Every structure is written in structure tokens, then in C-alpha cells.
Asker: 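Got a structure for you, questions after.
All heavy atoms count here, side chains included; hydrogens, waters and symmetry mates do not. Note that this is a predicted model, so its numbers are computed, not measured.
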Amino acid sequence: MKPPSAMRVLVAEDDPYFQRVLEKRLTAEGYQVQTVKDGREGMRAIVTWEPDLVISDWMMPEVDGLELCQSVKTGLRESAPYFILLTAKGELSDRLMGLDTGADDYLVKPCDQAELLARVRAGLRIVLLTRELRDTITELRAARSDLATAKREPARLHGLIAICSFCKKARAEDDRWQDIDQYLADRAQADFTHGICPECRATHYPPPQRRASGE
């Protein structure tokens with residue numbers, strides 16, 4: 001799992017004092033921190049800096065936090081950062097609106113700094129676990145594809161194979177001697193049966209000689 005120093009947190013806050021407080025606390029936790037003063041700058045930063053988590057105030061000039069959240073979640077979909085929305089609006093309807101817009105978490109200002117940091121840590125854990133899950137799914141799909149390809153392709157024998165000059169048995173890896181047809185059947189994705197090639201048929205089963213007329 002990534003250390004805190006590898007995690008990026010974007011703070012979108014138009015209050016200079018609160019912005020500096022958040023930046024100082026998050027930096028002290030070891031995170032990489034970038035700050036912007038409105039949603040328009042926030043959009044540019046999310047595209048260019050690619051933060052793992054965004055802390056955004058709801059009420060901001062130009063583009064507010066709700067618009068920022070909706071735009072990011074709609075545009076980036078699964079690649080969108082974890083989004084924590086901060087607002088002085090404490091009504092249940094406002095909270096539902098924020099969450100319905102796509103916010104992953106919601107805090108009412110003024111919020112306790114310790115609680116906010118705890119929410120950030122929880123959010124980043126979710127981000128990392130989600131990425132690990134996606135990587136695992138990708139690896140499983142690749143393994144399943146490789147297995148399907150292997151099943152479609154015939155197995156190939158490699159290396160030096162010892163075959164008895166007399167009985168034609170083959171020596172396996174554990175030094176056991178096997179009939180050649182069994183040896184091949186154990187190592188190839190194919191079934192074997194017996195047949196007679198035309199040359200051997202002519203040698204071992206020659207056609208009967210026709211008797212000369214008058215005999």
C-alpha cells in the first residue's frame with residue numbers, strides 16, 4: 001500500500017485562512033497538498049495534477065463545490081478522485097443533494113480538524129483498496145485469457161527425450177519408462193489412437209497374389 005507521501009490531496013477553498021490551516025495539517029500528515037481558491041481552478045488541477053482525494057468547499061466563486069464534484073464524477077467516472085464536500089449547510093436535504101451529486105463524504109463546517117483528517121485517511125484507504133481490487137481483476141482476466149489461449153494451442157514438448165532403441169518406451173522426468181503413446185498423451189492436449197500408415201500396410205499386409213490362369 002502506498003505511503004502517505006505518495007498520496008495527493010487537493011484542497012479547493014476560497015477562505016484563505018481555512019485553506020492555509022488545511023494545507024498545514026495535511027502536509028504535517030505527510031501528504032502532497034495543492035490548494036486552489038475556486039472550482040474552476042479545481043477542475044484544472046484535477047486534470048493536470050491527478051489528486052487521489054479532493055476536499056472542496058461547497059460555496060465558492062466561479063464554479064462551486066457541488067458543480068465541481070458533479071463535473072469530475074461524471075467526466076472521469078472510475079478514475080475520479082475521492083471527494084469530500086465541506087459546507088455550512090447542515091440540513092438533511094443539503095447532505096442528500098451533495099451525496100446524490102457524487103460526493104463520497106460530507107462534513108458540516110465548522111468541522112473538527114481531527115475528524116476531517118480521520119475522514120481523509122479513511123477515504124485514501126478506500127482509494128487504495130479500490131485500485132488494488134481493479135488491478136487484481138485485471139490480472140485475473142489476463143490469466144483467464146492466457147489459460148484459454150493455452151487450451152486452444154497444442155502442447156509442445158521441449159528438451160531431449162530418451163527413447164529405448166528396442167521397445168521404444170520414453171523415459172519420463174522421474175526416470176520411469178512409459179509407452180510412447182502414454183508419454184505423449186500425458187504431455188499433449190490430444191487423444192491418441194492406433195492406425196497403420198500406407199507403407200506399413202503394404203509391408204505387413206500385402207495384397208494376395210493373383211493366381212495365373214490355367215493353374
Asker: Under 4.0 Å between a Lys/Arg side-chain N and an Asp/Glu carboxylate O for Arg40 and Asp38?
Answerer: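 No, no charged N to carboxylate O under 4.0 Å.
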Asker: With no hydrogens and no angle check, is any side-chain donor or acceptor of Gln182 less than 3.5 Å from a backbone partner on Asp179?
Answerer: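 It does not hold such a pair.
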Asker: How about Val36 and Val11: do any of their side-chain heavy atoms sit closer than 4.5 Å?
Answerer: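 SC-SC contact between Val36 and Val11 ruled out.
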Asker: Taking side chain to side chain contact (heavy atoms under 4.5 Å, CB included) as the definition, give me every residue that meets it alongside Ser71, ordered by chain and number, with sequence neighbours left out.
Answerer: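 Here the qualifying residues are Met43.
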Asker: Transitively linked via ILVMFWY side-chain contacts under 4.5 Å: Phe83 with Leu76?
Answerer: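 Linked within one cluster.
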Asker: Could you check whether any side-chain heavy atom of Leu53 comes within less than 4.5 Å of a side-chain heavy atom of Asp104, counting everything from C-beta outward?
Answerer: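 No, too far: nothing below the 4.5 Å cut-off.
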Asker: Please examine the side chains of Leu86 and Ser56, heavy atoms only from C-beta on, and report whether any two atoms are closer than 4.5 Å.
Answerer: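 No, too far: nothing below the 4.5 Å cut-off.
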Asker: Could Glu41 and Lys37 be called an ion pair, given the rule that one side-chain N must be under 4.0 Å from one carboxylate O?
Answerer: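 Salt bridge between Glu41 and Lys37, a charged N being under 4.0 Å from a carboxylate O: yes.
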Asker: Which residues pass the side chain to side chain contact (heavy atoms under 4.5 Å, CB included) test with Tyr17, not counting sequence neighbours?
Answerer: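 Partners of Tyr17 by the side chain to side chain contact (heavy atoms under 4.5 Å, CB included) criterion, ordered by chain and then number, come out as Asp15, Arg20, Val21.
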Asker: Would you call Leu116 and Leu22 a side-chain contact if the rule is heavy atoms closer than 4.5 Å?
Answerer: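 In contact.
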Asker: Gln19 side chain to Glu13 main-chain N or O, any donor-acceptor pair under 3.5 Å?
Answerer: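 Judged by distance alone, yes, a pair lies under 3.5 Å.
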Asker: Taking CZ in Arg121 as the centre, count heavy atoms belonging to other residues, nucleotides or ligands within less than 6.0 Å. Is the count above 12?
Answerer: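 Yes, CZ of Arg121 has more than 12 neighbouring heavy atoms, counting only those of other groups under 6.0 Å.
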Asker: Using a 4.5 Å cut-off on heavy atoms from C-beta on, say whether the side chain of Pro81 contacts that of Val9.
Answerer: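 When only atoms from C-beta onward are counted, Pro81 and Val9 do not touch, as no gap falls below 4.5 Å.
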Asker: Partners of Arg77 by side chain to side chain contact (heavy atoms under 4.5 Å, CB included), sequence neighbours excluded?
Answerer: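 Scan of Arg77 (side chain to side chain contact (heavy atoms under 4.5 Å, CB included), adjacent residues dropped) gives none.
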Asker: Looking at Met60, is its backbone amide N or carbonyl O close enough to the side chain of Asp57 to form a donor-acceptor pair, meaning the two atoms are under 3.5 Å apart?
Answerer: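 Not a single qualifying donor-acceptor pair exists.
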Asker: Give me the atom names and distance for the closest heavy-atom approach of Tyr183 to Ala172.
Answerer: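 Scanning both residues completely, I find the closest heavy atoms to be CE1-CA, 3.9 Å.
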Asker: Quick one, Leu66 and Gln70 - any side-chain contact, counting heavy atoms below 4.5 Å?
Answerer: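 With C-beta onward as the side chain, the pair stays apart.
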Asker: Hey, could you give me the NZ/CH2 distance between Lys109 and Trp58, rounded to the nearest 0.5 Å?
Answerer: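 Output value for this atom pair is 12.5 Å.
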Asker: Within the supplied structure, the quantity of interest is the number of heavy atoms (other residues, nucleotides, ligands) at a distance under 6.0 Å from Glu115 CD; does it exceed 12?
Answerer: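 More than 12 heavy atoms, drawn from other residues, nucleotides or ligands, come within 6.0 Å of this atom.
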Asker: Using atom types as modelled and distance alone, determine if a side-chain donor or acceptor of Arg171 lies under 3.5 Å from a backbone N or O of Ile161.
Answerer: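 A pair under 3.5 Å: no.
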Asker: For Met59 and Asp64, what are the C-alpha separation, side-chain angles and deciding distance, and is it a side-chain contact (heavy atoms from CB on, under 4.5 Å)?
Answerer: CA-CA 5 Å; Met59 304 302 294; Asp64 65 26; 5.6 Å; no
Asker: Same hydrophobic cluster for Val127 and Val47, using side-chain heavy-atom links shorter than 4.5 Å among ILVMFWY?
Answerer: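 Result: no, two separate clusters.
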Asker: With a 4.5 Å cut-off on side-chain heavy atoms, are Leu68 and Ile46 touching?
Answerer: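 A side-chain contact under 4.5 Å exists here.
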Asker: State, yes or no, whether a side-chain contact exists between Ile84 and Tyr106 at a heavy-atom distance under 4.5 Å.
Answerer: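 A side-chain contact under 4.5 Å is absent here.
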Asker: Can you name the closest pair of heavy atoms from Gly102 and Cys69 and give their distance?
Answerer: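 The pair with the smallest heavy-atom distance is C-SG, 3.6 Å.
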Asker: Passes salt bridge (charged side-chain N to carboxylate O under 4.0 Å, His left out), Glu78 versus Lys73? Steps please.
Answerer: CA-CA 8 Å; Glu78 291 185 355; Lys73 292 294 185 177; over 6 Å; no
Asker: With Tyr82 as reference, evaluate Asp52, Asp105, Val54 under the side-chain contact (heavy atoms from CB on, under 4.5 Å) test and give the passing residue.
Answerer: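 It is Asp105, the one option of Asp52, Asp105, Val54 that forms the side-chain contact (heavy atoms from CB on, under 4.5 Å) with Tyr82.
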